[in-house]
Amino acid sequence: MSGLFNDPDLKKSSIQNIVNKVREFDYDGIDIDYEGLKSEDKDAFTAYIKDLREALNKYNKKLTIAIQAKSYPDLKKYGDRGQDWAELSKYVDEFRIMTYDYGWKGSIPRPVAPDYWVEDVIKYAVDHVPKEKIYIGIAFYGYGWSDDFFSSYTYDTIKLILNKYGVDFQYDPAQRTNRLFYVSEFDTRDPVKPHEVWFENHVSIEPKLDLVKKYELGGIAIWRLGKEDEKNWRVIRKVLKNQPIGDPLYFKDVLPSDDYFTEITRLADLGIVKGYDGVTFAPNSKVNRAEILKMSLNSFARDISGYIFTDIALEGFENPFKDIFDGEWYFPYVQTAVDLGIIRGYPDGSFKPNQRIVRVEALKLALESAGIDVGTIPTGEDWYLPYKSWALQNGVYKSAGFMPEEEITRGEAAYIIAKVIEAVE
């Protein structure tokens, strides 16, 4: 691009070709996405955009520009120093910031576009660009890492992986996005390696849409259309168009008038719970230790990949429980929780996965899975006092209704986990 910007004849020819194409097909305008520009060409690029603006104005055509994301001026990455935000914004109708690829091929596994990073970019942008011109990029895809393997994923592919390999969604409330692990049947490595996939869907785009409203921005620009999460459009309508269309009904036995409907629906929406047969949740059934452990670990993106794939050898692994066996659905969750120090089992060497769980035990599992420190136990006090205090201080329970040793239902388990998720978010 440097030669184009600095050669008057090439520059003039390029601009004329663009204008001709826009007029030939009667387009609304053109979107310019020139990336990896040299920092020394910053002014030349601005001059190019200015001249293109003047050429398009003759025919009342729009000019938009795709801009590489940054949150401070001296970011040395992908040529964003070759883009003068304040000057460029003078000549465009829409300033479309590509707020995605925070996680990319050269990074560690991490979200495509965490909302806190997007907000940092927005804060920088509104200091340099009229807010009504700012359109933030919304990703409709995901990325997966597996040692030396990297790939992009459409949401349709994510659904195929869920169905084919029977893996679970996990949710990271600190980054407000989903991920999953799977081992591909086409992996020829020995041993095979799990793929860690972070992806964008209706769950992750909602907080970014909220930022559009918070900062009164022009809107969003999507990359890319096709094979996306169909619920994305529901969320876009709800947040940006003020068209609430009600909560979805995930289970035939969980209705809006029921206790814990909101919390069960939230966990279902996050992909954490699917019910027994896809349509039944059994909210009034008692919950056992294994069930709530799985819900808790998946709700706070705890890495279970070291145990979930039986064809991956675990060096030096020793099973600490006499009643937990490889092949059981809860095996990877129990062993991961042991490694994290979340569970220790009973003195007789058992975990008792099918034993019903009481209220304070469920709260403890959720809080420790979330990494929330509730403090130490006061001398001479009941062991559960710090957990009870946290629940009362955060409005999860009222003092009279806590009853720590009472067995709880699946519905209340969802309620507890949803409240801890809210605390992390």
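Only heavy atoms go into these numbers, but all of them, side chains included; no hydrogens, no water, no symmetry mates. It should be emphasised that the depicted structure is a prediction, and the values quoted were computed from it without experimental measurement.
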Derivation and outcome, side-chain hydrogen bond (donor to acceptor under 3.5 Å, both in side chains), residues E291 and Y330: CA-CA 8 Å; E291 288 174 327; Y330 45 73; over 6 Å; no

F199 six-ring centre to R179 NZ/CZ under 6.0 Å and within 45° of normal: no

Atom pair CD/CG of E368 and L297 - distance to nearest 0.5 Å: 11.0 Å

Distance-minimising heavy-atom pair for I357 and A362: CD1-N, 3.8 Å

Closest heavy-atom pair and its distance - P283, I264: CB-CD1, 3.9 Å

Over all atoms of both residues, closest heavy-atom pair of N201 and F169: ND2-CE2, 4.2 Å

Note, I292 side chain near Y333 side chain (heavy atom, < 4.5 Å): no

Ring-ring centroid check Y48 Y34, cutoff 6.0 Å: yes

Evaluation steps, salt bridge (charged side-chain N to carboxylate O under 4.0 Å, His left out), between R96 and D31: CA-CA 9 Å; R96 301 175 170 182; D31 180 66; 3.6 Å; yes

More than 12 heavy atoms of other groups within 6.0 Å of E425 CD: yes

Contact check, side chains of D269 and Y250, non-hydrogen atoms, under 4.5 Å: yes

NZ/NE/NH1/NH2 to OD/OE distance under 4.0 Å, K42 and E87: no

F281 backbone acceptor or donor facing R410 side chain under 3.5 Å: yes

D339-Q335 side chain donor-acceptor pair, cut-off 3.5 Å: no

Side-chain heavy-atom pair Y141, Y100 within 4.5 angstrom cut-off: yes

Residues D187 and R189 bridged, charged N to O under 4.0 Å: yes

Any V118 side-chain heavy atom under 4.5 Å of L211 side chain: yes

Any donor-acceptor N/O pair, S296 side chain to L293 backbone, under 3.5 Å: no

Sequence neighbours excluded - salt bridge (charged side-chain N to carboxylate O under 4.0 Å, His left out) pairs with any residue from residues 43-63: K11-D51, D26-K61, R53-D93, K62-E94

Chi angles and distances behind the side chain to side chain contact (heavy atoms under 4.5 Å, CB included) call for Q170, I304: CA-CA 10 Å; Q170 292 192 322; I304 60 172; 4.1 Å; yes

Other residues, nucleotides, ligands: >12 heavy atoms within 6.0 Å of W117 CH2: yes

Salt bridge (charged side-chain N to carboxylate O under 4.0 Å, His left out) pairs, two or more places apart, involving residues 211-223: E119-K214, K131-E216

With sequence neighbours excluded, residues passing side-chain hydrogen bond (donor to acceptor under 3.5 Å, both in side chains) with D41: S2, N6

Heavy-atom pair with the smallest gap, counting every atom of K123 and Y215: CE-OH, 3.2 Å

R224 charged N/C atom sitting above F140 aromatic ring, 6.0 Å / 45°: no

Pair I421-L267, side chain to side chain contact (heavy atoms under 4.5 Å, CB included): steps then yes or no: CA-CA 10 Å; I421 287 175; L267 292 194; 3.8 Å; yes

Pair T154, T157: side-chain N/O donor-acceptor within cut-off below 3.5 Å: yes

Side-chain heavy atoms of R237 within contact of N242, under 4.5 Å: no

R176 and D172: CA distance, side-chain angles, deciding distance, side chain to side chain contact (heavy atoms under 4.5 Å, CB included) verdict: CA-CA 5 Å; R176 304 188 73 176; D172 186 334; over 6 Å; no

Short side-chain to backbone donor-acceptor contact, N394 and A391, under 3.5 Å: no

Whether N298 side chain and I272 backbone form a donor-acceptor pair below 3.5 Å: no

NZ/K159: more than 12 non-hydrogen atoms of other groups inside 6.0 Å: yes

Check: D229/H202 side-chain N/O donor and acceptor closer than 3.5 Å: yes

Among T99, I138, I220, I122, the one residue meeting side chain to side chain contact (heavy atoms under 4.5 Å, CB included) with K208: I138

Ring geometry between Y415 and Y397 (parallel below 30°, tilted from 30 to 60°, perpendicular above 60°): perpendicular

Test: K164 and E185 ion pair at under 4.0 Å: yes

Heavy-atom donor-acceptor pair, N178 side chain to L270 backbone, under 3.5 Å: yes

T177 and Y171: CA distance, side-chain angles, deciding distance, side chain to side chain contact (heavy atoms under 4.5 Å, CB included) verdict: CA-CA 6 Å; T177 189; Y171 179 62; 5.7 Å; no

Among F150, Y153, W198, the one residue meeting ring pair (Phe, Tyr, Trp, His ring centres under 6.0 Å) with Y143: F150

Between CG on residue N319 and CZ on residue F321, distance to nearest 0.5 Å: 8.0 Å

R110 (side chain) donor-acceptor with S107 (main chain) under 3.5 angstrom: no

F149, W145, F186 screened by ring pair (Phe, Tyr, Trp, His ring centres under 6.0 Å) with H195, the one that passes: F149

Any donor-acceptor N/O pair, D253 side chain to T280 backbone, under 3.5 Å: no

For F181 against D303, the heavy-atom pair lying closest together: CZ-OD1, 3.3 Å

Backbone N/O of D115 and side chain of Q175: donor-acceptor pair under 3.5 Å: no

Polar side-chain atom of E206 near backbone of V203 as donor-acceptor pair, under 3.5 Å: no

Side chain proximity check, P248 to R234, heavy atoms < 4.5 angstrom: yes

Side-chain donor-acceptor pair present, H128, D84, cut-off under 3.5 Å: no

Sidechain-backbone polar pair: S39 side chain, G82 backbone, donor-acceptor under 3.5 Å: no

Heavy atoms of other groups near N60 CG, more than 12 under 6.0 Å: no

Close side-chain approach of K352 to N288, heavy-atom, < 4.5 Å: no

Parallel, tilted or perpendicular: ring planes of F331 versus Y307, cut at 30 and 60 degrees: perpendicular

Pairwise side-chain contact, W233 with E228, heavy-atom cut-off 4.5 Å (strictly under): yes

E412/R359 under salt bridge (charged side-chain N to carboxylate O under 4.0 Å, His left out): CA gap, chis, key distance, verdict: CA-CA 9 Å; E412 188 176 350; R359 185 167 290 115; 2.5 Å; yes

Nearest atoms (heavy-atom pairs only) where K193 meets S146: CB-OG, 3.3 Å

